[in-house]
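Just so you know, these numbers use all the heavy atoms, side chains as well, and skip hydrogens, waters and symmetry mates. Every chain is numbered from 1, with letters handed out A, B, ... down the list of sequences. As the structure is a prediction and not an experimental result, all values here were calculated from the model.
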Amino acid sequence: MKLFWLRISFIFAYLWEEDNANNGKKWSTLEHKGPFFPPEYEPLPSNVCFVYNGKSIKLSLAAEEVATFYAKMLDHEYTTKSVFQENFFNDWREEMTEEEREQINKLSKCDFSHMAKYFLEKTEEKKAMTKEQKQVLKEENNRLTEEYGFCLLDGHKEKIGNFRVEPPGLFRGRGEHPKMGKLKKRILPEDITINCSKDSKIPEAPKGHRWRKVQHDDTVTWLASWVENVQGNLKYIMLNPSSKLKGEKDWQKYEVARKLKLKVETIRRLYREDWKNREMKIRQRGVALYFIDKLALRAGNEKEEGETADTVGCCSLRVEHITLHEEKGGQEFVVEFDFLGKDSIRYYNEVPVESRVFRNLKLFMENKDPEDDLFDRINTIYLNKHLNQSMPGLTAKVFRTFNASTTLQDQLNKLTTADMTLEEKLLSYNRANRAVAILCNHQRAAPKTFEKSMQNMLDKLDVAKMELKEAKKEHKKAGTERTRKLVEKKEAAVKRLEEQLKKLQLQMTDREENKVIALGTSKLNYLDPRISVAWCKKFNVPIEKIYNKTQRDKFAWAIDMTEEDFQF
DNA sequence: TCATGCACTTAGCAGTCTTATC
DNA sequence: GATAAGACTGCTAAGTGCATGA
């Protein structure tokens, strides 16, 4: 297997260098069945009604379907937001008949509760299905996946990531999204572009329909696409991360980050020089790069105002997002960051910076309003062009990968020793992973049952402690009776309980530290898997303890090729 | 040079499946 | 076998960055 990857690695390195010469060709043959469509709308039974102003109304099919989208979300916080309500109501009215439109003109008079109750019952029914019924559904699902979930790429069967067309519904943006609640329309085959090879079996459109277009573009990796109506974005059917194509791309990403490791000191020297430059633009570039490097901030592309939630990255930071403190918490030159990043996740950080950076920031903020751009002379395109001159292939996002992987490697080296138990090693790993997640600001809502499950663990801990005490007492007693067998038994029990206790305590520590931090994102997207694989080999940790099945599939390339002495 | 479109990666959430515990 | 907790997975939104064309 190793030989296989070495060979692939050689071929791949070659292909990669030759990518341009190859005109960006991604495959030679591509065959698939096309996407799978969600089921047709199933009308509500006649006894389930929509009530308006106290009167029950039978809605037209189109209006009823959209009403059910809202009814299904009734217990969600979304539906309490006025933007959501307004967008939904406007779009809903567009689906209504003339007559319905005339009749229904205030959302506050609409009563969706009967519909909501009906769907709740449906969910309960589904839950209460027998094992056999559930098995039938599962098998049907497996059959679908078998039929639609794979494609043939260059003769190899590859798993598709998302083979289903997104069903219609209400758009749920993140944060204060101006388009939340808008109707995501049903996608028809007539909206879909199919991409496959010319000589392959062209997927058949569902009966009575035809594709918007069938194309044979071997420079892209997607199988099908359509334009979504809410934001006008393209959506794609693409390969699963376990596919060769995606794996190679992933590998390439980490190789670029490793290259940066060799160059980063030079780049740092250069941007520090920039802080002193006469030109404002160069100074801004230097400080922005410093933030991207030191804090692993995202690049911060420009966004169309009013079309999406108001979020920023480095280049799009505004004056209002930072506060300068000559002194804070006993430290000099502290920059306080407070802004919403990707997915409207808050980034808050107090960072001591070098005096020259501090002075520059003051300068950038002079005579500006809070809503003005902090770095008004630069943007991500300019920044990336500059970075590319320092190192081919280098862009702002590479710093995040580099920073994350370097942190994991350093932390693992620091935190693990060979004499640790498996549990201690795993805690070390999670701590290293956590350091990265904190750096990248990967947050999650604390699990809803967190407090309760923590209490359960505390109770368990108490029980374990008590049992241990009891066992020790027994042990002592047995010892005086000089019955060897009993002594041994009790000793074993004491040992077992002590181990259990220790395990439980470690688990709890891990859980508490992890409360609002999401480890998965960095693990999946930023940490070179070879670091983890090598660590597992070196410290005798089964790889299954670090990566689950999906992750092992995604990182198959790394698992096969990595030796225990690999360092990022 | 700039705007725009396209392709692809990164992201958190929520529903589902699995496992542990009684 | 039931139940609850936790892990996993799928979904789809929201980023990045490159290409293209005026």
Would you indicate, yes or no, if B/dA14 has its OP1 or OP2 atom less than 4.0 angstrom from a side-chain nitrogen or oxygen of A/H76?
yes
5'-most contact on DNA chain C: A/R164 or A/L394, nearest heavy atom basis?
A/R164
When you measure from the side chain of A/R172, which nucleotide among B/dG12, C/dT12, B/dA14 comes out closest?
B/dA14
Using a cut-off of strictly less than 4.0 Å, decide whether A/N548 has a side-chain nitrogen or oxygen near OP1 or OP2 of C/dC8.
yes
From NZ of A/K235 over to C1' of C/dG15, roughly how many Å is that when rounded to an integer?
13 Å
Under 4.0 Å between a side-chain N/O of A/Q443 and OP1 or OP2 of B/dG12, yes or no?
no
CD (A/E86) with more than 12 external heavy atoms under 6.0 Å:
no
Under 4.0 angstrom between A/T395 side-chain N/O and C/dG17 OP1 or OP2
yes
By the 4.0 Å heavy-atom rule, please label A/Q231 as base, sugar-phosphate, or nothing.
sugar-phosphate
Output the rounded distance in Å from CH2 (A/W251) to P (B/dC8).
20 Å
Over-ring placement of A/K157 relative to A/F150, 6.0 Å and 45° cut-offs
yes
Just compare B/dA14, B/dC13, C/dT12 and give me whichever is closest to any side-chain atom of A/R444.
B/dC13
Using side-chain hydrogen bond (donor to acceptor under 3.5 Å, both in side chains) as the criterion, point out the one residue from A/R400, A/H442, A/K397, A/K253 that pairs with A/Y526.
A/R400
Can you find a donor-acceptor pair, distance only, under 3.5 Å between A/K397 side chain and B/dT9 base?
no
When you check the phosphate oxygens OP1 and OP2 of B/dT9, does a side-chain N or O of A/N525 lie under 4.0 Å from one of them?
no
Applying a 4.0 Å non-hydrogen cut-off, can you work out what A/G161 is touching in the nucleic acid: base, sugar-phosphate, or nothing?
nothing
Indicate whether OP1 or OP2 belonging to C/dG10 is found under 4.0 Å from a side-chain N or O atom of A/N162.
no
Provide, to the nearest angstrom, the distance between the CG atom belonging to A/N240 and the P atom belonging to C/dG10.
8 Å
A/T311 versus A/K303, side-chain donor and acceptor atoms under 3.5 Å:
yes
Starting the side chain at C-beta, find the nucleotide from C/dT12, B/dT18, B/dG12 nearest to A/K138.
B/dT18
Going 5' to 3' through nucleotides 1-7 of chain B and flagging B where a protein heavy-atom sits under 4.0 Å of the base, S where only the sugar-phosphate is that close, and - otherwise, we get -----SB
Pick base, sugar-phosphate or nothing for A/A396, based on heavy-atom distances below 4.0 Å to the nucleic acid.
sugar-phosphate
Before accepting this row, confirm whether a basic side-chain N of the pair A/K33/A/E146 lies closer than 4.0 Å to the acidic partner's carboxylate O.
no
Under 30°, 30 to 60°, or over 60°: which ring-plane class applies to A/F84 and A/Y70, parallel, tilted or perpendicular?
tilted
N or O in side chain of A/K303 less than 4.0 angstrom from C/dG15 OP1/OP2
yes
Without decimals, in angstroms, what is the distance between A/L317 CG and C/dG15 P?
13 Å
A/N430 has an atom CG; how far is it from atom C1' of C/dG6, in whole Å?
14 Å
Could you tell me the separation between the CG atom of A/L519 and the P atom of C/dC8, rounded to a whole number of Å?
12 Å
From CG of A/N233 over to P of B/dT9, roughly how many Å is that when rounded to an integer?
17 Å
Rounded interatomic separation in angstrom, taking NZ from A/K554 and P from C/dC8
15 Å
What I want to check is whether the side chains of A/T380 and A/N301 have a donor and an acceptor closer together than 3.5 Å.
yes
Looking across every strand, which nucleic acid part, if any, lies under 4.0 Å from A/R298 by heavy atom: base, sugar-phosphate, or nothing?
sugar-phosphate
Taking only the side-chain heavy atoms of A/E166 (C-beta and beyond), determine which of B/dA11, C/dT12, B/dC8 contains the nearest atom.
C/dT12
Test of ring centre spacing under 6.0 Å for A/W92 and A/F112
yes
Does A/K184 make a side-chain N or O approach to OP1 or OP2 of C/dA13 shorter than 4.0 Å?
yes
Within 45 degrees of the axis of the six-membered ring of A/F119 and under 6.0 Å from its centre: does A/K72 put its NZ or CZ there?
yes
Does A/Y547 or A/D343 map to a spot on DNA chain C nearer the 5' end, using the closest nucleotide for each?
A/Y547
Side-chain N or O of A/H442 less than 4.0 angstrom from OP1 or OP2 on B/dA11?
yes
N/O (side chain, A/K179) to phosphate O (OP1/OP2, C/dA13) under 4.0 Å
no
With heavy atoms under 4.0 Å as the rule, sort A/P241 into base, sugar-phosphate or nothing.
nothing
Shortest non-hydrogen contact between A/A224 and A/I192, atoms and distance:
CB-CG2, 4.1 Å
For A/N141 and for A/L524, find the nucleotide of DNA chain B with the closest heavy atom, then tell me which residue's nucleotide is more 5'.
A/L524
